[in-house]
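Sequence positions, counted from 1, serve as the residue numbers for this chain. Note that this is a predicted model, so its numbers are computed, not measured.
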Amino acid sequence: MGECQHNHGDHDSHDHNHDHGHDTHSHNGHAGHDHNDHDHADHDCGHAHGRLFGHHHVHTPASYGRAFAIGIALNLVYVIGEAAWGVRSHALSLLADAGHNLSDVLALGAAWLAEILSRRSPSRNFTYGLRRSSILAALGNAVALLVVTGGIMWEAVLRLIHPHPVAGVAVMVVAGIGIAVNGMTAMLFASGGKTDLNLHGAFLHMASDALMSLAVVAGGGLILMTGWLRIDPIICLVVSVSIIVATWSLLRDSLDMALDRVPRGINAAQVDAFLRTLPGVCDLHDLHIWPISTTETALTVHLVRNASENGHAPDGLLNRAARELRERFGIVHPTLQIETLGDADHCVLADAHTV
């Protein structure tokens, strides 16, 4: 790779090509080629999109709509029955579990709505579609889970001070059903939660409730054997703390996404180094990498071409960059702007502190 050669005597040629340099603006490599290469570029990009939707560019499959419907129906029926038994038996653990399940019904509904909205096509006013709704849903799920858990912990502390009698058998039976309901619902989202933070939020809600139900069964058995009523709120506090620990990463990751942090699986320095190895590129600036949904990452950058290129980007440069960004880093929405040295000198975004 040659050095950037900035000769003031070449300014006339740079100025002559100034407009051409800025018009070489690539959306996944669709521009920046001469006319004869355009058909090939479009064909390659179309083929690439087909592959990335099945691998790096992960969209929630249609089957998750059914999973959301099943999960919401199961939990809605269960929360009504659990709350009724909790009031009748004066069991804080059952009421706590019902509270979690109620929040899960709402959380599943929000996640499902976000999944639907994220499929909306771009419009004139929402040029990325509504993909960011999946990030907001994940963040909302994390906040809701922490708030509900905090309320349960507060009530548990009050029950430690003023214990209430608990019907152990009723607690164990209802919570046992909850293990099956919550565990089954969690498994519906287990695979999708590995790649989609929105689905991970739904999975975490249900897995947390399954854990709470398991603890309730254990607590009910201990109360039957010992008669010590404070076992109920103590177990509730222990499980609540574990839920907060498990939820913290969801809160952190979703907040990072909402604030456009570089996704944790991508090393920005490595992306920068790769872009500098592209043919004819001797410098770059205004590099931005951010998530546009819980499964998609975008990139924009200004690439400065070597003076020896005479105002033309090397054939296949943009397609190669888009393909390798997708395959190496999982970046599926790159926009590359090619600039001459003269353009770079006057680019208002050349300063690293300018956004």
Side-chain angles (χ1 to χ4, degrees), residues 71-109 140-189 201-251:
I72 289 174
L74 284 174
N75 280 271
L76 192 57
V77 171
Y78 176 66
V79 72
I80 294 173
E82 187 175 32
W85 274 104
V87 171
R88 181 176 178 179
S89 60
H90 304 288
L92 172 63
S93 295
L94 284 183
L95 292 175
D97 214 19
H100 268 290
N101 274 281
L102 179 59
S103 71
D104 283 345
V105 171
L106 299 177
L108 288 175
N141 277 341
V143 172
L145 188 53
L146 290 175
V147 169
V148 171
T149 303
I152 291 171
M153 293 179 71
W154 175 253
E155 184 64 24
V157 171
L158 295 180
R159 287 292 180 97
L160 278 174
I161 300 172
H162 304 290
H164 289 258
V166 175
V169 175
V171 168
M172 295 176 67
V173 170
V174 177
I177 298 173
I179 295 175
V181 171
N182 294 322
M184 184 189 309
T185 306
M187 293 307 298
L188 293 173
F189 304 101
F203 168 78
L204 187 60
H205 264 280
M206 305 319 304
S208 297
D209 273 357
L211 179 61
M212 179 69 80
S213 296
L214 180 61
V216 168
V217 172
L222 289 174
I223 290 173
L224 285 177
M225 290 187 295
T226 66
W228 192 36
L229 299 179
R230 286 187 172 87
I231 289 177
D232 184 42
I234 288 175
I235 290 180
C236 189
L237 285 171
V238 172
V239 174
S240 294
V241 170
S242 68
I243 291 173
I244 290 175
V245 172
T247 306
W248 186 254
S249 62
L250 174 65
L251 177 65

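Across every non-hydrogen atom of Ala186 and Ala207, the tightest pair is CB-N, 3.8 Å. Among all heavy-atom pairs drawn from Ala202 and Leu108, the shortest one is CB-CD2, 3.7 Å. Annotation for Ala218 and Ile235: closest pair C-CD1, 4.3 Å, computed over non-hydrogen atoms. Nearest heavy atom pair, residue Asn182 against residue Ala210, reads CB-N, 3.5 Å.
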Please tabulate, for the side chains in residues 169-180, all donor-acceptor contacts under 3.5 angstrom to protein atoms that are two or more places apart in sequence or on a different chain.
none

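Thr149 has its side chain out of reach of Thr247: every pair of non-hydrogen atoms, C-beta onward, lies at least 4.5 Å apart. Side chains of Trp248 and Leu251 form a contact here, defined as non-hydrogen atoms less than 4.5 Å apart. A heavy-atom distance below 4.5 Å is not found between the side chains of Tyr78 and Thr185. Put simply, the side chain of Ile243 does not reach to within 4.5 Å of the side chain of Ile152, judged on heavy atoms. Looking at Leu250 and Leu145, their side chains never come closer than 4.5 Å, going by heavy atoms from C-beta outward. With contacts defined as side-chain heavy-atom distances shorter than 4.5 Å, the pair Arg159/Leu229 does not qualify. Looking at Met206 and Leu188, their side chains never come closer than 4.5 Å, going by heavy atoms from C-beta outward.
Applying the side chain to side chain contact (heavy atoms under 4.5 Å, CB included) criterion to Val147, with sequence neighbours excluded, gives Val143. Listed by chain and number, the residues in a ring-ring contact (aromatic ring centres under 6.0 Å, His included) with Phe189 are Phe68 (sequence neighbours excluded).
Here the straight-line distance linking atom CG of Leu146 with atom OG of Ser240 works out to 11.0 Å at 0.5 Å rounding. With rounding to the nearest 0.5 Å, the separation of CZ in Arg230 from CD1 in Ile161 is 9.0 Å. Between atom CD1 of residue Ile72 and atom CG of residue Leu106 there is a gap of 9.0 Å, rounded to the nearest 0.5 Å. Rounded to the nearest 0.5 angstrom, Ser242 OG and Leu237 CG are separated by 11.0 Å.
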